[in-house]
Amino acid sequence: DKAEMGDLSSLGLSDWLVKQCKQLGINKPTPVQENCMPAILEGRDCMGCAKTGSGKTAAFVLPVLQKLSEDPYGIFCLVLTPTRELAYQIAEQFRVLGKPLGLRDCIIVGGMDMVAQALELSNQPHVVVATPGRLADHIRSSNTFSMSRIKFLILDEADRLLEQGCTDFTKDLEVIMGILPAKRQTLLFSATLTDTLQELKNIAMNKPFFWESKTRTVEELDQRYILTPEKVKDAYLIHLIQTFTDEHDDWSIIIFTNTCKNCQILTMMLREFNFPTISLHSMMKQKQRFANLAKFKASVYKILIATDVAARGLDIPTVQVVINHNTPGLPKIYIHRVGRTARAGRNGVSITLVTQYDIHLVHSIEEQIRKSLDLEAKRRAELEKIKSQKKLFKQKIQENIERQKHRQLKKKLMKRKQMKKKKAAQTTV
Ligand SMILES: Nc1ncnc2c1ncn2[C@@H]1O[C@H](COP(=O)(O)OP(=O)(O)OP(=O)(O)O)[C@@H](O)[C@H]1O
């Protein structure tokens, strides 16, 4: 496994960090890590667009820890992410991988004790992982900490943080950017970056290293759609779950729906049918959200009903099935939701319930997926063409070599025949 060690350390990670990776089962770098980590370690800004479940978190955690080990000081790195659960998940990766450094991380999210957070911030933690709203509150209300020397600003799920619209992060981001040094590295990651490229570039990135994975869709993900009339959709959902739980007893299922109310109703309905179900949505108390997610992760409950607060980033290896109880309005929401399964090379199934009112939404999803599918198909075809041309070329070379050998052989034989004749002629003289 020295070679395997080589892969990660050939990307510029110290041995202690490579060893930590192995503890997490991270032996060989994923494409996004292989491509983005060297540029980050060189000090460049970076935008990484890679499919769901492909290790984007470690792609920024590892270089930050590498740099921190070379020059440790407080508030070295700030990571922003759109949801509280994601903040905890990212902090966990920093903690596990950064253990040998005695890493001090600090999580700043809403719904938790603000005073305790202010105290932690004043202790100059190495890494702060935050949701924009709560961090902006701390910046507005106290000056017990400074971020003037941070080396890294990281936007996880960057397109979500920078999109204008419902839960607008813009104001909070402005407050945060106001206290950050211009001289820093900015790293942006998401599975759906490309459609907001311009805004992303506007956040003061100096010629960012941009990398996008060729394959946008996860091959191991089996995506299915089921047409069902609106009024029988819930009955169909029950049937679907019954079938899955009959066929597989250890499967975990996430069901996405569009409103907190539907989340509650579906949870009560499934419990009526004795399906062990738990919910996760933004109207719940934060402690309840964390508790429910922990129970689902521990497989105490096999079915999680969630709104889009859980659509992005959550990494729960036991999830084999994602069901869209409603067809997502935006293709990129679809991509993130179904990306909760089939992660890190595992297989997974997604099923989207499509009613007569959603057909147009499916078309735009298909278009986006097919576009990437077509893109993949085109790329594969091109690759095949190049491969066959190469093969043809090699054959030609081979034939030439054969012909040449043949000619030389013939020449040799001719020569030998002539020599013989000459000799024969001499002897007769
Ligand atoms: N090099 C690696 N080899 C194997 N597993 C890895 C590797 N890097 C990360 N992982 C694991 O893969 C899983 C998915 O990683 P991660 O959550 O970072 O995906 P992501 O790309 O951020 O997905 P999303 O777009 O959904 O946020 C995690 O459990 C992580 O520990």
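Remember, it's 1-based here, ligands and their atoms both numbered in the order they're listed.
In terms of polar-atom proximity, G55 is counted as a contact of ligand 1, with an N or O under 3.5 Å from an N or O of the ligand. The shortest N or O to N or O distance between G53 and ligand 1 is below 3.5 Å. Between K28 and ligand 1, an N or O atom pair is found at a separation short of 3.5 Å.
Close approach of ligand 1 to T30 (heavy-atom distance below 4.0 Å) involves ligand atoms 1 (N), 2 (C), 7 (C). Close approach to G25 involves these atoms of ligand 1, each under 4.0 Å from a residue heavy atom: 4 (C). Listed by number with element, the atoms of ligand 1 under 4.0 angstrom from any heavy atom of Q93 are 30 (C), 31 (O). Remark: ligand 1 atoms within the under-4.0 Å shell around heavy atoms of E157 are 27 (O). Listed by number with element, the atoms of ligand 1 under 4.0 Å from a non-hydrogen atom of S54 are 19 (O), 20 (P), 21 (O).
Defined by atom type and a distance below 3.5 Å, a donor-acceptor pair is missing between the side-chain atoms of D246 and T243. With hydrogens and angles left out, the side-chain atoms of H138 and Q117 include a donor and acceptor closer than 3.5 Å. Using a 3.5 Å distance cut-off with no hydrogens or angles, the side chains of Q93 and Q89 do not pair a donor with an acceptor. There is a side-chain donor-acceptor pair under 3.5 Å between T257 and H325.
Checked for salt-bridge contact, K332 and E163 meet the test: a charged N lies under 4.0 Å from a carboxylate O. Ion pairing of D156 with K56 is absent here, as no side-chain N (NZ or NE/NH1/NH2) approaches a carboxylate O to less than 4.0 Å. By the 4.0 Å N-to-carboxylate-O rule, D159 lies close enough to R312 to be salt-bridged with it.
At a heavy-atom cutoff of 4.0 Å, ligand 1 is contacted by the side chain of Q33 but not by its backbone. Both the backbone and the side chain of T57 come within 4.0 Å of ligand 1, judged by heavy-atom distances. At a heavy-atom distance under 4.0 Å, atoms from both the backbone and the side chain of K56 approach ligand 1.
Scanning the protein for heavy atoms near atom 17 (O) of ligand 1, the closest one is R343 NH2, 2.9 Å. Looking only at heavy atoms of the protein, atom 29 (O) of ligand 1 is closest to D315 OD2, 2.6 Å. With hydrogens left out, the protein atom closest to atom 6 (C) of ligand 1 is I26 CG1, 3.9 Å, a heavy atom. In terms of protein heavy-atom proximity, atom 12 (O) of ligand 1 is nearest to A344 CB, 3.5 Å.
Distance check, rounded to the nearest 0.5 Å: CZ of F76 to CZ of R104 gives 13.0 Å.
Within the structure, the closest approach of R312 to ligand 1 does not fall below 4.0 Å when heavy atoms are considered.
In terms of modelled atom types and a separation under 3.5 Å, the side chain of R84 and the main chain of M112 share no donor-acceptor contact.
The side-chain heavy atoms of V319 and L304, taken from C-beta on, include no pair separated by under 4.5 Å.
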